[in-house]
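To keep things clear, I will list the structure first and then write my remarks on it.
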Number of protein chains: 2
Amino acid sequence: MKDITPKLISLFKKGYATPQLSRVAKKLQEPSTTLHYNIKKLEQEGAIKTYKAVFDYKKIGEGYCVFVLITLSPDEYGDPERIGNELVKHPEIESVDVITGDWELMLKIRTKDQDAYYDFVKNVISRKGITKIKTLTSLKQLKTEFVEL
Amino acid sequence: MKDITPKLISLFKKGYATPQLSRVAKKLQEPSTTLHYNIKKLEQEGAIKTYKAVFDYKKIGEGYCVFVLITLSPDEYGDPERIGNELVKHPEIESVDVITGDWELMLKIRTKDQDAYYDFVKNVISRKGITKIKTLTSLKQLKTEFVEL
DNA sequence: TATGTTTTCGTATGATATTCGAATATTTAT
DNA sequence: ATAAATATTCGAATATCATACGAAAACATA
């Protein structure tokens with residue numbers, strides 16, 4: 001056994017997919033060359049960043065999902081993007097937003113289980129610059145990435 | 001002009017893409033037939049829900065992004081999934097989660113601008129069953145759907 | 001160790017995207 | 001308004017690619 005699956009998941013999480021021209025052509029009843037032209041234009045304009053897979057995250061060992069609200073320390077408060085751009089690197093993090101209101105950053109994180117999340121908090125989130133976090137645990141995901149579950 | 005673009009965006013938001021076998025094969029240095037077998041298995045198991053595009057949402061007229069924390073009325077509190085499953089239908093909503101803590105539901109919503117969001121709140125969110133909402137506006141998106149921006 | 005099942009992977013085939021060029025539509029300049 | 005430049009549509013030919021198939025290997029089960 002080669003166990004290619006985790007490698008596939010890792011690739012498809014961010015890309016390595018492509019539009020299915022023939023299905024689109026059938027659906028929209030337009031010539032595929034015209035669609036091709038329009039799609040390439042969207043890609044070149046940067047309107048489309050990538051094509052990727054959406055998973056049933058429970059089935060790929062990432063069933064635990066949380067939102068993390070982050071309060072930055074006074075010295076980091078002025079530049080939330082600095083810490084945000086470090087967090088972005090971690091594969092467990094689905095999204096990072098600088099936000100308004102009572103907190104400075106919002107993360108969406110997926111891990112295997114609560115234990116794995118606790119490790120992640122210890123190793124990644126509990127660092128200088130982050131004063132306090134509030135974790136909102138997802139009990140049930142009804143829709144993600146525009147895809148109904 | 002046919003203005004196919006909005007139709008394409010609508011389709012690619014949820015699907016109409018497919019794995020790019022040849023690129024994966026080159027990347028992983030594995031025979032494409034073996035990869036094909038493994039990918040089909042993931043799809044049949046339901047581990048992969050769909051393949052879709054990730055956009056630069058500013059460039060497709062959905063630059064305004066917010067997180068909405070929802071407090072349900074006492075009579076709806078026991079079954080947050082009911083209202084959640086109604087919300088799921090709206091194309092502006094990227095994700096819907098039932099959550100723990102001070103609120104019952106968490107939404108991620110994308111609209112053109114603040115005006116469009118206000119309309120959305122009036123028409124969709126301000127309804128019986130939803131007592132109170134707290135909107136956290138995204139000032140800057142650093143990562144979304146596992147894709148760095 | 002034998003038997004059934006799953007996984008790998010080459011070959012052949014069918015399906016599909018992409019290129020190209022011409023026609024049409026749209027925008028821009030005068 | 002008209003012409004010129006540019007952008008978009010789309011059919012035909014080509015090149016690329018995914019998929020079906022079958023054989024061999026790996027793995028699991030008894």
Side-chain angles (χ1 to χ4, degrees), chain A residues 1-63 91 112 145-149, chain B residues 1-63 91 112-113 145-148:
Chain A
M1 231 235 258
K2 283 199 161 182
D3 209 22
I4 297 167
T5 303
K7 290 174 191 165
L8 287 176
I9 290 171
S10 165
L11 291 183
F12 287 146
K13 222 174 198 175
K14 296 182 165 186
Y16 286 90
T18 188
Q20 214 167 3
L21 204 38
S22 61
R23 265 182 70 210
V24 175
K26 192 170 289 177
K27 176 78 175 180
L28 298 184
Q29 295 288 356
E30 298 283 355
S32 66
T33 46
T34 301
L35 296 171
H36 182 263
Y37 174 85
N38 280 274
I39 292 169
K40 287 300 162 202
K41 199 160 77 87
L42 282 171
E43 292 172 4
Q44 277 155 27
E45 289 166 352
I48 293 177
K49 306 281 301 179
T50 189
Y51 303 89
K52 57 154 287 181
V54 176
F55 300 94
D56 184 331
Y57 292 95
K58 274 173 292 194
K59 294 191 177 157
I60 62 165
E62 302 184 20
K112 186 175 184 295
E145 294 155 84
F146 292 105
V147 178
E148 296 181 37
L149 300 172
Chain B
M1 232 239 256
K2 284 198 161 183
D3 210 21
I4 298 167
T5 304
K7 292 175 189 165
L8 287 175
I9 290 172
S10 164
L11 292 183
F12 288 146
K13 221 175 199 176
K14 296 182 164 185
Y16 286 87
T18 188
Q20 214 167 5
L21 204 39
S22 60
R23 264 182 71 208
V24 175
K26 192 170 286 179
K27 174 77 172 183
L28 298 183
Q29 294 287 356
E30 298 282 354
S32 66
T33 47
T34 302
L35 296 171
H36 182 263
Y37 175 84
N38 280 274
I39 292 169
K40 287 301 160 202
K41 198 158 78 86
L42 282 170
E43 292 172 2
Q44 277 155 28
E45 288 167 353
I48 293 177
K49 305 281 300 179
T50 190
Y51 302 89
K52 57 154 282 179
V54 176
F55 300 95
D56 184 330
Y57 292 95
K58 272 173 294 190
K59 293 191 178 160
I60 62 166
E62 302 185 21
K112 185 175 185 296
D113 51 30
E145 296 157 84
F146 292 107
V147 178
E148 295 181 38

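Chain A is the first sequence line, chain B the second, and so forth, proteins listed ahead of strands; every chain is numbered from 1.
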Quickly work out the [X] [atom1] to [N] [atom2] distance and round it to whole Å.
X: A/Lys2; N: D/dA24; atom1: NZ; atom2: P; result: 19 Å
X: A/Leu8; N: C/dT7; atom1: CG; atom2: P; result: 13 Å
X: B/Leu35; N: D/dA18; atom1: CG; atom2: P; result: 10 Å
X: A/Leu28; N: D/dT9; atom1: CG; atom2: C1'; result: 15 Å
X: A/Glu30; N: D/dG11; atom1: CD; atom2: P; result: 10 Å

* Mind listing the residues from residues 38-49 of chain B sitting with a heavy atom below 4.0 Å of DNA chain C? Number order is fine. => B/Asn38, B/Lys41
* Asked: Using 4.0 Å as the upper bound for N to carboxylate O, is an ion pair formed by B/Lys52 and B/Glu145?
  -> yes
* Can a salt bridge be assigned to the pair A/Lys2 and B/Glu30 using a cut-off of 4.0 Å between side-chain N and carboxylate O? -> yes
[X] side-chain N/O to [N] phosphate OP1/OP2 under 4.0 Å:
X: A/Thr34; N: D/dT9; result: no
X: A/Thr33; N: D/dG11; result: no
X: A/His36; N: C/dA17; result: no

* Structure fact -> Closest to the side chain of B/Ser22, out of C/dT8, D/dA7, D/dA18, is D/dA18
* Structure fact -> Considering only heavy side-chain atoms of A/Tyr37, the closest of D/dT9, C/dT18, C/dC9 is D/dT9
* Trace of the side chain to side chain contact (heavy atoms under 4.5 Å, CB included) decision for A/Arg23 with A/Lys26 -> CA-CA 5 Å; A/Arg23 265 182 70 210; A/Lys26 192 170 289 177; 5.7 Å; no
* Asked: Do the non-hydrogen side-chain atoms of A/Ile4 and B/Ile39 ever get within less than 4.5 Å of each other?
  -> no
* Structure fact -> DNA chain C nearest-nucleotide lookup for A/Ile4 and A/Arg23: closer to the 5′ end is A/Ile4
* Asked: Given B/Val54 and A/Ile48, is the side chain to side chain contact (heavy atoms under 4.5 Å, CB included) satisfied, shown in steps?
  -> CA-CA 6 Å; B/Val54 176; A/Ile48 293 177; over 6 Å; no
* Asked: What about the rings of B/Tyr16 and B/Tyr51, do their centers lie closer together than 6.0 Å?
  -> no
* Asked: When the nearest nucleotide of DNA chain D is assigned to B/Asp3 and to B/Leu21 on a heavy-atom basis, which residue is associated with the more 5' position?
  -> B/Asp3
* Asked: Taking the six-membered ring of A/Phe146 as reference, does the NZ or CZ atom of B/Lys13 fall below 6.0 Å from its centre and within a 45° cone about the axis?
  -> yes
